[in-house]
There are 2 protein chains.
Amino acid sequence: MEQKRSDIIANQIEELIFDGTFGDEYRLDEVQLADRFAVSRTPVREALLRLAQSGLVEHRPRRGVFVKQPGPIALMEMFEVMAELEATAARFAAHRITDEAIGELKDANQRCNTAVEAQDTEKYYRENEQFHAILYRESGNGFLEQECLRLQRRLQPFRRTQLRLRGRLKQSMKEHEQIVLALENGDAVQASDAVRAHVAVQGEKFHHLMASLKTAAA
Amino acid sequence: MEQKRSDIIANQIEELIFDGTFGDEYRLDEVQLADRFAVSRTPVREALLRLAQSGLVEHRPRRGVFVKQPGPIALMEMFEVMAELEATAARFAAHRITDEAIGELKDANQRCNTAVEAQDTEKYYRENEQFHAILYRESGNGFLEQECLRLQRRLQPFRRTQLRLRGRLKQSMKEHEQIVLALENGDAVQASDAVRAHVAVQGEKFHHLMASLKTAAA
DNA sequence: ATTCGCATTCTTGTATACAAGGTTGTTGAC
DNA sequence: GTCAACAACCTTGTATACAAGAATGCGAAT
């Protein structure tokens, strides 16, 4: 067995929360989930514990665990922190990055570009993630890298939504190129600022998107 | 019951790891721990899962869980990230902080001072933590606050060691005052820089301490 | 004597049984 | 008709039983 069943289950439940099958405040019933995944309550409980730790669900003692979708404020806060973490990674990377890694970034960017032209948002999304992952790695700080990846994963579904906005992809590509340029020049301040803006704008776009949905619904 | 037994056990095990009872690479036997805490394996397993999530122990499938003390490099990396997170909190706080909170910081500082003069390192330690906690809160970003508290908690035992260095306490106090001053002036850059330096120096001091211990042992 | 193979044993991972607290619905009194 | 108290049920939390993989030790063969 490559991994425990509870890990697999945790990922599956995560997916179900992300895609909206389990909405906000939905109570995750242990026996129901155990039934769904054809296992006993034990691995389900372990999975739920993991999700509670990562903040995706809330654990109310003797009551159960409930889906805790972040509200617009929490989301903005998370994007704000993400922007700062990535900006830090970029600042560190500006001093430490190798020519080879610059090449990797350019390659990833290239793949992003082809995805944009093929209108393959799914592919763009993956390659975009890859681009950022390289940046984290090149910060030269393994702990920072892990923290960035963790938060990236957490924000994944919301970033996804936001990318569908018209014209955002092309703009995003330009920003990537600016980031690479700053890194190439070893300009820590510019790299940092470019990355911060690039990430922060996603939070803002998301916010606008939410607001427009809200007014449309009202 | 105010909290689950697994939570209590997790904290106890954490404590035992922090105070060195369980050294690096020590295997945490489930039945042994269950015996020690007079419970069944179930809550112990849940506690170990939590510790694995927080990175304090490593979980090797079908092998067991092992204490994973961070090495000097990992520790430096963590302090580096902590410095950046706190610097960010300070930058945000410089714009958002209230007069009342400034007063709270000054009070906390005052209590630190009395602790220093009473040579009560334990008290100094607690009050120092409080000072930083106020800073996190005043960032106005709840998510950032939580992340800071999490990392603060993780680095707690190492910070503690470092504070014992001669003259560090007085120096640390001066830095606190500079931080408050910068915040009072609403100077985001200076507040941010002061906090970054204040935290980063802890990592460096710790590094020196480790190095001296190493050469002494050799 | 050393090493390979097999079997025993020990530990983790999962399922089930039991305990304890929480929820809900019904019944009776006002 | 409404509200409160009680009881039955349901869910979580914990303990124990069972299954399966990994470590270990013994023995045989080279």
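Fair warning: this is a prediction, and the values are worked out from it, not measured in the lab.
Taking a 4.0 Å limit (strictly below) on heavy-atom distances, residues 40-48 of chain B reaches DNA chain C at B/R41, B/R45. Of the residues in residues 32-39 of chain B, none has a non-hydrogen atom less than 4.0 angstrom from any atom of DNA chain C.
Identified under the side chain to side chain donor-acceptor pair (under 3.5 Å) test for residues 139-148 of chain A, with sequence neighbours left out: A/N141-B/E80, A/E147-A/R150, A/E147-B/R150.
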Would you tabulate the side-chain donor-acceptor contacts of residues 15-22 of chain B under 3.5 Å, counting partners in other chains and residues two or more places apart, or write 'none'?
unit_1	atom_1	unit_2	atom_2	d
B/D19	OD1	B/T21	N	3.0
B/D19	OD1	B/T21	OG1	2.6

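With sequence neighbours left out, the side-chain contact (heavy atoms from CB on, under 4.5 Å) criterion links B/A200 to B/A83, B/E204. B/E30 is linked by a salt bridge (Lys or Arg N to Asp or Glu O under 4.0 Å) to B/R41, B/R45, counting only residues two or more places apart in sequence or in another chain. For A/D120, the side-chain contact (heavy atoms from CB on, under 4.5 Å) partners two or more places apart in sequence, or in a different chain, are A/A118, A/E122, A/K123. Residues meeting the side-chain contact (heavy atoms from CB on, under 4.5 Å) test with B/E175, sequence neighbours left out: B/R168, B/Q171, B/H198, B/V201. Taking A/S54 as the reference, A/L56 meet the side-chain contact (heavy atoms from CB on, under 4.5 Å) condition, with sequence neighbours excluded. For A/E25, the salt bridge (Lys or Arg N to Asp or Glu O under 4.0 Å) partners at least two apart in sequence or on another chain are A/R60.
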All N/O contacts under 3.5 Å from nucleotides 6-8 of chain C to the protein, with atom names and distances to one decimal?
none

Given the rule in the side chain to side chain donor-acceptor pair (under 3.5 Å) test, do A/Y124 and A/Q119 qualify, once you have shown the distances and angles that lead to the verdict? CA-CA 8 Å; A/Y124 174 83; A/Q119 303 231 334; over 6 Å; no
Checking A/L85 against B/L85 for the side chain to side chain contact (heavy atoms under 4.5 Å, CB included) test, could you report, in this order, the C-alpha distance in whole Å, the side-chain angles of both residues, the deciding distance, and whether it holds? CA-CA 8 Å; A/L85 282 177; B/L85 282 177; 4.0 Å; yes
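The residues A/R91 and B/E84 are annotated as salt-bridged, a charged nitrogen and a carboxylate oxygen being separated by less than 4.0 angstrom.
The nearest whole Å value for the distance from the CZ atom in A/R62 to the P atom in C/dT24 is 16 Å. If you measure from atom CZ of A/R50 to atom P of C/dG13, you get 14 Å, rounded to the nearest angstrom. B/R60 has its CZ atom 14 Å from the C1' atom of D/dA22, to the nearest Å. C/dG13 atom C1' lies 11 Å from atom CG of B/L49, rounded to whole Å.
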Given pairs defined as Watson-Crick or G-U wobble with both distances under 3.5 Å, what dot-bracket annotation applies to DNA chain C, with ( ) intrastrand, [ ] crossing, | other strand and . unpaired? ||||||||||||||||||||||||||||||
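When distances are taken from the side chain of B/R5 to each of C/dT14, D/dA15, C/dT23, the shortest belongs to D/dA15. Of all nucleotides listed (C/dT11, C/dG13, C/dG22), C/dT11 comes nearest to the side chain of B/D29.
Under 4.0 angstrom from either OP1 or OP2 of C/dG13 there lies at least one side-chain N or O belonging to B/H59. A sub-4.0 Å separation between OP1 or OP2 of D/dA23 and a side-chain N or O of B/R63 is present.
Ring geometry for A/H176 against A/H132 counts as perpendicular: the plane angle is over 60°, on a 0 to 90° scale with 30° as the lower cut.
Relative to the ring axis of A/Y125, A/R160 places its NZ or CZ within 45° and under 6.0 Å from the centre.
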